[in-house]
Amino acid sequence: MTASGDRPLARQTALVTGANSGIGEAVARALAAAGAAVVINYRSRPEDADKLVHDVTSAGGEAIAIQADVGQEEEVQRMFAEAIERFGTLDILVSNAGLQQDAPFVEMTLEQWNTVLGANLTGAFLCARAAVREFLRRGVRDDISRAAGKIIFMSSVHEVIPWAGHVNYAASKGGMLMLMKSLAQEVGPARIRVNGIAPGAIKTEINRDAWETPKAEAELLELIPYGRVGVPEDVARVAVWLASDAADYVHGASLYVDGGMTLYPGFADGG
């Protein structure tokens with residue numbers, strides 16, 4: 001029997017990259033609450049990862065923290081080996097780690113370009129490849145999940161919305177969209193489900209300036225037809241659903257969690 005009820009991910013293990021803050025932290029907490037053992041990846045600020053491990057285990061869950069730079073092949077391989085050694089296998093990957101280094105295009109350095117593409121896109125590739133290898137090695141366990149494994153890429157509305165001044169970031173997320181779809185096409189026959197989540201404006205530390213003051217939030221809300229700025233838990237709930245058997249026929253999809261930001265609200269009055 002597969003898990004059901006309020007613990008749909010019971011007996012499964014999830015690895016969440018960039019899980020010690022923001023959306024990644026919320027996703028890790030939600031997966032743990034849904035019954036999964038959670039591997040909390042972080043690159044810096046180990047104290048935040050340790051606190052999250054403490055919170056999950058204090059609530060009766062299982063969690064470990066593993067430091068790794070997802071853009072480095074050897075570190076990704078080590079992280080997956082440690083996770084599998086600890087929990088026996090892996091069922092869910094949430095490829096969330098990412099960063100921004102913004103600049104006008106003519107001033108953007110090659111280092112800024114490579115840093116963002118390396119973390120956001122190459123990191124997603126390296127982690128997904130390691131996950132797929134484990135899913136193929138182990139195969140389907142019908143008593144655990146209907147799928148051999150689940151991969152969720154944490155993208156952005158900027159996989160489809162251009163973003164001047166952030167060309168490297170938008171290019172990385174556009175690339176992630178096609179990485180997700182092409183991988184889904186390739187590994188679907190092995191019953192590996194691959195999907196993406198594309199958040200819009202979410203209240204996290206990285207974009208605090210965009211929503212912290214009433215004036216800033218009012219300007220941001222002009223881009224959001226639904227009339228509120230999202231919170232990390234909005235994304236986390238979608239991640240739990242996508243990782244569960246309730247979403248077993250959802251494959252190769254990018255789910256926009258954006259309050260309608262991708263609806264081009266500037267055209268609401270006819271443009």
Side-chain angles (χ1 to χ4, degrees), residues 1-4 7-19 24 27-28 30-41 61-64 66 68 70 73 76-97 121-155 176-197 235-255:
M1 293 291 290
T2 55
S4 60
R7 291 173 59 82
L9 304 179
R11 300 166 60 202
Q12 298 187 51
T13 299
L15 190 158
V16 184
T17 64
V27 168
L31 294 174
V38 180
V39 180
I40 297 160
N41 160 255
E62 290 186 90
I64 61 171
I66 301 179
V70 299
E73 184 174 26
V76 170
Q77 292 172 339
R78 171 183 55 78
M79 174 174 65
F80 274 79
E82 289 183 21
I84 292 167
E85 180 180 8
R86 170 64 177 81
F87 292 111
T89 189
L90 186 75
D91 302 277
I92 301 158
L93 167 67
V94 181
S95 183
N96 168 79
L121 189 54
T122 301
F125 156 72
L126 290 171
C127 290
R129 187 182 65 178
V132 168
R133 286 172 174 171
E134 172 60 14
F135 300 157
L136 292 173
R137 181 200 67 79
R138 192 234 311 123
V140 177
R141 298 173 296 167
D142 288 317
D143 61 325
I144 301 295
S145 175
R146 296 177 68 181
K150 286 75 62 102
I151 295 174
I152 300 170
F153 290 107
M154 198 63 66
S155 186
M176 180 179 282
L177 175 63
M178 290 312 297
L179 167 63
M180 180 274 289
K181 287 184 174 292
S182 299
L183 180 59
Q185 187 183 70
E186 183 168 337
V187 302
R191 285 179 57 187
I192 297 170
R193 289 201 296 110
V194 185
N195 292 289
I197 299 176
V235 181
R237 285 188 289 270
V238 175
V240 170
W241 178 75
L242 268 182
S244 75
D245 278 357
D248 187 59
Y249 204 50
V250 180
H251 182 58
S254 188
L255 302 187

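Because the structure is predicted, anything quoted here is derived from the model rather than measured.
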> Where do I151 and N195 land on the side-chain contact (heavy atoms from CB on, under 4.5 Å) test, with the steps shown first?
Replying inline: CA-CA 6 Å; I151 295 174; N195 292 289; over 6 Å; no

| message | Can you confirm whether S155 sits close enough to M180 that some side-chain heavy atom of one is under 4.5 Å from a side-chain heavy atom of the other? | response | no

- Query: Does the side-chain contact (heavy atoms from CB on, under 4.5 Å) test come out yes or no for M79 and L15, once each step is laid out?
  - Reply: CA-CA 10 Å; M79 174 174 65; L15 190 158; 4.1 Å; yes

To the nearest 0.5 Å, atom CG of L31 lies from atom OG1 of T13 at 11.0 Å

Output for pair (R137 CZ, E134 CD), nearest 0.5 Å, gives 4.0 Å

Shortest non-hydrogen pair, G24 vs V16, comes out as O-CG1, 3.7 Å

Kindly determine whether R237 and W241 satisfy side-chain contact (heavy atoms from CB on, under 4.5 Å), including the steps that lead there.
CA-CA 6 Å; R237 285 188 289 270; W241 178 75; over 6 Å; no

Taking side chain as C-beta onward, heavy atoms only, is C127 less than 4.5 Å from F80? yes

| Side chain proximity check, N96 to V27, heavy atoms < 4.5 angstrom | no

Tested for salt bridge (charged side-chain N to carboxylate O under 4.0 Å, His left out) against D248, the lone hit among R146, K150, R191 is R146

So do the side chains of T89 and R141 get within less than 4.5 Å of each other, counting heavy atoms only?
yes

Separation between CD (Q12) and CG (L90), nearest 0.5 Å, reads 10.0 Å

A side-chain contact here means heavy atoms from C-beta on lying under 4.5 Å apart; do D143 and R11 qualify? yes

Here the pair of heavy atoms bringing A28 nearest to V38 is O-CG2, 3.7 Å

_If you count every heavy atom of other residues, nucleotides or ligands that lies below 6.0 Å from E73 atom CD, does the total exceed 12?_
yes

Distance col, row N41:CG vs I64:CD1, nearest 0.5 angstrom, shows 10.5 Å

Quiz item: V94 and I197: side-chain contact (heavy atoms from CB on, under 4.5 Å), yes or no, with the steps?
Solution: CA-CA 10 Å; V94 181; I197 299 176; over 6 Å; no

Open item on the list: So V194 and F153, do their side chains get closer than 4.5 Å, heavy atoms only?
Closed with: yes

Closest heavy-atom pair, I92 versus A243, reported as atoms and distance to 0.1 Å, is CD1-CB, 3.9 Å

Heavy atoms of S145 and V140 approach each other most closely as O-CG1, 3.8 Å

dist S254:OG -> I152:CD1 (nearest 0.5 Å) comes out at 11.5 Å

Correct closest heavy-atom pair for S244 and R193 would be O-NH2, 3.0 Å

Side chains of I66 and R86, heavy atoms from C-beta outward: is any pair under 4.5 Å? no

query: Would you say V235 and M154 make side-chain contact, with heavy atoms under 4.5 Å?
result: yes

Here the pair of heavy atoms bringing A97 nearest to V70 is CB-CG2, 4.0 Å

